[in-house]
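Below: the structure, in structure tokens.
Every heavy atom of this structure was used, including side-chain atoms; hydrogens, water molecules and symmetry mates were not. Numbers restart at 1 for each chain; the letters A, B, ... are given by sequence-line order, proteins then strands. From a predicted model like this one, the values you see are computed outputs, not experimental measurements.
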Amino acid sequence: MSELSKTYTPAEVEERWYAQWIADGAFTADPSRVSATRPAYSIVIPPPNVTGILTLGHVLNNTIQDILARRARMLGKEVLWLPGTDHAGIATQNAVEKALRKEGAIKHRDDLGREKLVEKIWEWKDKYGGIILQQLKKLGASCDWSRTRFTMDPDYSRCVQRVFVDLYKKGLIYRGKRMVNWCPVALSAISDEEVIPKAQNSSMYYFKVQVIEEPDTWLTIGTTRPEVIPGDQAIAVNPKDPRYAHLIGKHVRRPLPVENQEKLLIIPDEHVDVTFGTGVLKVTPAHDKADLEILYRRLGTEWARTLDSFTLRDLQSMKPVDVMNPNGTMNELAGKDLVGLDRFAARKRAAELLAEIGSLVKEEPYQNNVGYSERADVPIESRLSEQWFLKYPSTQPSQDVVAKGDMRFFPERWSKVYDHWMGGLQDWCVSRQLWWGHRVPIWVKTIHCNEVANLGLPNEVATKLSVVANHATNDGGENELSVSLSTKEGCSTFFRLMMAVDANEGYPSNFHWEIYAATDSPEESAILEAAGFTQDPDVLDTWFSSWLWPFATMGWPEQTGDLKAFYPTTDLVTGPDIIFFWVARMIMAGYEYMGEMPFKNVYFTGIIRDKQGRKMSKSLGNSPDPLEIIAKYSADALRFGIMRSAPLGQDILFDEKNVELGRNFCTKLWNAARFRQMQSSTEQGAGGMEQEINPALLSSDDKWILLRLNNAITEVSTALDEYRFSDATQTLYRFFWTEYCDWYVEASKAVLQGTDDKRKANTLAVIDFVLGHTLRLFHPFLPFITEELWHGMGFNADMPENQGGKSIMFAPWPKPLDKDELAHFGILPEDEQAANDKYKTVELGRGLKSTFNISKKVRFVLKPASELPAHEIEVLRILLNAEPLDVDAAFTPKKGTPASLTPLGELFLPLDGIIDVDAERARVTKEIAKVEAELAKVKAKLADENFTSKVPQKVLDEHKQREADWSAQFEKLKVMLEALG
RNA sequence: GCAUGGAUAGCUCAGUGGUAGAGCGGCUCGUUUACACCGAGUUGGUCGGGGGUUCGAAUCCCUCUCCGUGCACCA
């Protein structure tokens with residue numbers, strides 16, 4: 001045991017211990033060690049963006065995971081905390097493109113081309129991709145780095161492709177032209193979750209159109225987007241609207257483009273809101289989801305069945321007309337006045353055009369919500385495009401498992417949110433028009449129906465495909481085939497034949513096949529490409545890879561030892577903002593591919609905000625760099641500070657003060673350990689620790705601190721079991737600082753500064769017992785300083801190597817003393833009261849001193865209520881800082897002596913000659929007023945028969961006791977007042 | 001609009017029917033040999049408003065206001 005330095009140097013200590021843990025392989029999980037007596041505990045990290053840097057959100061999230069993992073190790077479990085990173089498609093590609101543009105290497109990604117850009121991104125990833133994981137190490141994260149995964153690792157990519165192919169085969173993935181959220185900057189589809197609605201100050205433009213068949217009738221239409229008028233295909237009114245019902249089937253002339261003012265049919269649609277605007281709706285199916293649905297519905301109405309052939313043709317010929325380019329500029333279909341203009345410029349121009357032709361009625365300010373692309377921060381477009389969609393698999397068990405409580409969410413209320421979302425699932429658009437990510441593993445070739453046998457594929461395959469094709473054409477049979485191209489074991493390609501009929505072709509004898517081939521095998525895809533198949537250019541949504549995270553990281557589809565031992569994982573710790581993005585989808589993938597839930601408990605953290613409650617953001621500059629905080633205060637301090645302020649289910653207001661408090665706490669811990677070390681001892685055991693506690697020598701303070709320790713162990717353990725991390729830290733703080741340092745250590749000085757060596761040794765044994773338990777209780781929260789002290793004080797010396805001898809990480813989690821042990825030490829529950837009475841007396845005595853502004857040592861006299869052992873008097877003397885403390889049952893104070901009623905008797909502060917009788921009288925009078933008020937309150941209650949007759953006996957007794965106590969105090973105070981004259 | 005969380009001391013929060021609490025901050029005092037990143041004392045609240053149930057409400061019920069979040073709608 002070396003002497004602890006006077007000050008704690010966290011930077012050096014943290015670096016040293018982390019390196020030691022790594023060298024010892026302390027974080028490495030071994031599935032072969034899992035057994036009935038050594039259960040598995042596992043967490044997969046929510047993979048941060050590979051090019052990201054550590055934020056306080058990560059600190060919060062990963063500190064929680066580390067606490068869970070470290071505690072599980074101490075509970076004797078085999079722990080796997082699996083780390084890794086996510087390729088984060090759109091974010092990473094954006095970041096790299098931006099950097100390349102900044103350094104002038106490119107103006108646009110097309111300057112490089114797909115292959116070169118992807119190469120650049122890989123270079124970027126290799127350079128910066130490890131940063132965030134390195135930063136996690138500074139925090140003390142006990143991840144098994146030997147298992148670090150990346151969503152674009154070859155094995156992982158293969159899993160993604162395999163799952164895509166499987167779902168395609170099952171018919172759950174399909175290609176379709178659908179309305180998607182289109183980001184005109186990223187030039188890609190984005191998910192609903194990446195669209196942020198924002199309130200806008202827009203304009204509502206009202207324009208009028210003439211009914212062709214009734215030249216005297218004009219309809220006024222309101223729109224916020226006049227620039228898409230050239231894409232209008234119809235005018236819709238509610239058939240029940242008496243204002244317009246008679247106009248259904250008639251026509252108006254579309255005002256724009258001015259050179260192509262088409263006739264538009266007025267059609268009925270039940271969904272038109274008669275109370276909104278003018279009740280007349282223009283239908284622009286290529287630019288609005290609701291309008292597209294009107295288009296789909298138009299032929300199914302009763303009205304459609306009554307139509308003459310001319311009108312019916314008008315109705316049938318309606319089609320989505322996209323008047324915009326993918327980048328948000330207007331195309332030729334928008335007309336000569338708008339073509340080439342950006343959509344916002346086009347909006348202004350369109351309004352001007354309407355005014356010029358006398359159609360514009362008015363323009364009013366209008367507040368509406370517009371969807372913004374989260375990434376590019378521009379309004380998104382609803383756009384029709386060819387995309388890949390997924391019908392979610394395994395939805396039923398996924399919804400049930402949470403509803404039935406087999407998988408638990410903390411806080412519980414998120415399970416309702418989850419259930420609601422699961423109840424209204426929409427197909428998932430999984431394709432993205434990006435270059436960085438997993439490319440859709442589908443190869444396509446279009447071929448004339450007579451040429452299927454000449455596909456360029458091996459004869460045997462071509463023949464089989466011909467048979468399928470014939471079958472499909474002749475009797476509408478299956479159009480699918482699964483076959484191996486490479487004859488390599490385990491490799492196969494799935495073909496689906498889709499008819500593509502062109503207007504010019506003479507179907508049924510003359511048409512084309514679109515042949516879709518899905519495979520996850522590099523060999524087979526090479527054969528397909530050689531045969532002239534081309535791979536779909538899209539990549540998959542990043543979440544389509546991360547939803548496989550809990551098992552794809554453990555070697556799936558092989559039944560690996562890791563999967564057997566560690567799946568399902570135990571806990572997932574993540575933010576509620578990705579409950580749909582990630583959590584729900586992982587549950588479905590877990591059931592679909594592992595047949596089992598992926599995790600048993602999900603803990604949702606709060607969102608980190610600044611101390612004014614604002615979200616952390618780059619633009620506000622209110623997001624501190626965690627590494628700077630660590631450098632300033634230490635990782636332990638940051639961990640403790642952030643956990644102390646993170647109540648379950650609430651947002652966290654981050655205040656550096658909390659970290660400061662964490663640092664102060666570490667310092668306190670350090671100094672308390674030094675204090676122990678500075679006490680000499682007569683009978684030292686191994687490593688300088690005291691060995692046995694002698695029950696016969698235990699003081700009331702010893703018993704008290706052992707009971708408080710028991711309480712702290714129980715409270716911290718249950719708080720952690722229930723994921724109440726801030727409650728656990730509050731308990732630790734209170735126990736160690738207030739109970740141990742402020743009361744117990746101070747009281748123990750009565751022995752330690754005395755001359756009884758036996759008692760001294762026994763007190764040190766109690767201190768060692770408490771400190772040893774405390775360090776272990778703290779370890780999950782403060783891994784570094786506890787390890788340093790564990791060794792520095794020699795607690796490791798008498799522990800088995802794998803149970804604390806080498807590292808506190810594997811020391812057993814503290815258990816409270818059980819009944820037998822308490823009996824062995826002779827500790828009774830009421831022992832707590834004896835010490836409490838003493839401390840209460842001390843507080844009252846200190847209060848007296850403070851009232852009279854005395855800071856020096858001073859004489860106290862206690863007139864005891866019952867006899868007190870000498871040791872107790874000595875403790876009182878030290879805690880009161882009294883010199884001397886006289887105990888005198890017959891003490892008669894001089895008139896005007898300040899006194900206080902304590903649980904141990906009357907305590908006097910004789911201040912011969914220097915007391916201010918008036919001040920003391922005022923003090924006692926004030927006290928009397930307080931007691932009188934309390935007494936009156938309780939007396940009133942007891943006098944009320946309404947109360948006494950209805951209240952339970954227990955409450956009645958309590959009130960009676962209270963009355964007696966207050967009365968006694970009142971009487972004594974009155975005597976004291978009289979004594980003052 | 002629907003759902004959901006919240007409002008308690010200057011700040012951050014505990015407290016689910018029985019005497020309103022903690023930490024931080026503020027103020028006063030203090031170099032007593034672990035610690036000034038400390039110690040002692042002390043000051044802070046008609047528990048968001050209103051109504052109801054009850055002997056008794058921060059706590060249960062109704063209602064309103066404000067703040068947050070999710071979903072839907074948004075011509």
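- Using a 4.0 Å heavy-atom distance criterion, A:Q730 is classed as making no nucleic acid contact.
- Applying the 3.5 Å distance criterion, the base of B:A40 shares no donor-acceptor pair with the side chain of A:E843.
- Partners of A:E722 according to the side-chain hydrogen bond (donor to acceptor under 3.5 Å, both in side chains) rule, which considers only residues two or more places apart in sequence or in another chain, are A:R724.
- Listed candidates were B:U31, B:G23, B:C35. Nearest to the side chain of A:L661 is B:G23.
- B:G68 and B:C35 have their P atoms separated by 48 Å, given to the nearest Å.
- At B:C24, one or more side-chain N or O atoms of A:Y733 fall inside 4.0 Å of OP1 or OP2 (strictly under the cut-off).
- In plain terms, the two heavy atoms of A:L264 and A:D232 that are nearest each other are CD2-O, 3.5 Å.
- Comparing B:C37, B:U12, B:G23 by their nearest atom to the side chain of A:L653 picks out B:U12.
- For the salt bridge (Lys or Arg N to Asp or Glu O under 4.0 Å) test, residues two or more places apart in sequence or in another chain that qualify with A:R877 are A:E874, A:E883.
- Here the separation of B:C27 from B:U32, taken at their P atoms, is 23 Å to the nearest Å.
- Remark: aromatic rings of A:F409 and A:F604 are close, center separation under 6.0 Å.
- Distance noted for atom P between B:G10 and B:U69: 26 Å (whole Å).
- Stems are defined here as 3 or more consecutive Watson-Crick or G-U wobble pairs with pairing distances under 3.5 Å; those involving RNA chain B are B:1-7 with B:65-71, B:10-13 with B:21-24, B:26-30 with B:38-42, B:48-52 with B:60-64.
- Look at the P atom in both B:A22 and B:U42: the space between them is 11 Å, to the nearest Å.
- Because its glycosidic torsion is more than 90° from 0, B:G5 is reported here as anti.
- Comparing the same atom, C1', in B:G6 and in B:U19 gives a spacing of 28 Å after rounding to whole Å.
- Using cut-offs of 30° and 60° for the angle between ring planes, the A:Y740 and A:F736 rings count as parallel.
- Here the separation of B:G50 from B:A7, taken at their C1' atoms, is 16 Å to the nearest Å.
- When the salt bridge (Lys or Arg N to Asp or Glu O under 4.0 Å) test is applied to A:D288, no partner is found at least two apart in sequence or on another chain.
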Run the side-chain donor-acceptor check on residues 664-671 of chain A: report pairs under 3.5 Å with partners two or more places apart or on a different chain.
| unit_1 | atom_1 | unit_2 | atom_2 | d |
| --- | --- | --- | --- | --- |
| A:T667 | OG1 | A:R663 | O | 3.0 |
| A:W670 | NE1 | A:S5 | O | 2.9 |
| A:N671 | OD1 | A:R674 | NH1 | 3.0 |
| A:N671 | ND2 | A:T667 | O | 3.1 |

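- Interface remark: the A:K657 side chain does not form any donor-acceptor pair with the B:C24 base, using a distance-only criterion of under 3.5 Å.
- Taking atom CG on A:L425 and atom P on B:A72, their separation rounds to 12 Å, with Å as the unit.
- Checking the phosphate oxygens (OP1, OP2) of B:C38, a side-chain nitrogen or oxygen of A:N664 falls inside 4.0 Å.
- Across the interface with RNA chain B, nearest-nucleotide mapping of A:N658 and A:E958 shows A:N658 to be the residue nearer the 5′ end.
- Nucleotides B:A20 and B:C2 place their P atoms 38 Å apart, quoted to the nearest Å.
- Here the separation of B:G56 from B:G51, taken at their P atoms, is 15 Å to the nearest Å.
- Counting only heavy atoms from C-beta on, A:W966 has its side chain closest to B:U19 among B:U19, B:A40, B:C35.
- Under 4.0 angstrom from either OP1 or OP2 of B:G70 there lies no side-chain N or O belonging to A:K416.
- Distances shorter than 4.0 Å separate none of the side-chain N or O atoms of A:W737 from OP1 or OP2 on B:C38.
- Checked against side-chain hydrogen bond (donor to acceptor under 3.5 Å, both in side chains), A:D636 has no partners two or more places apart in sequence or in another chain.
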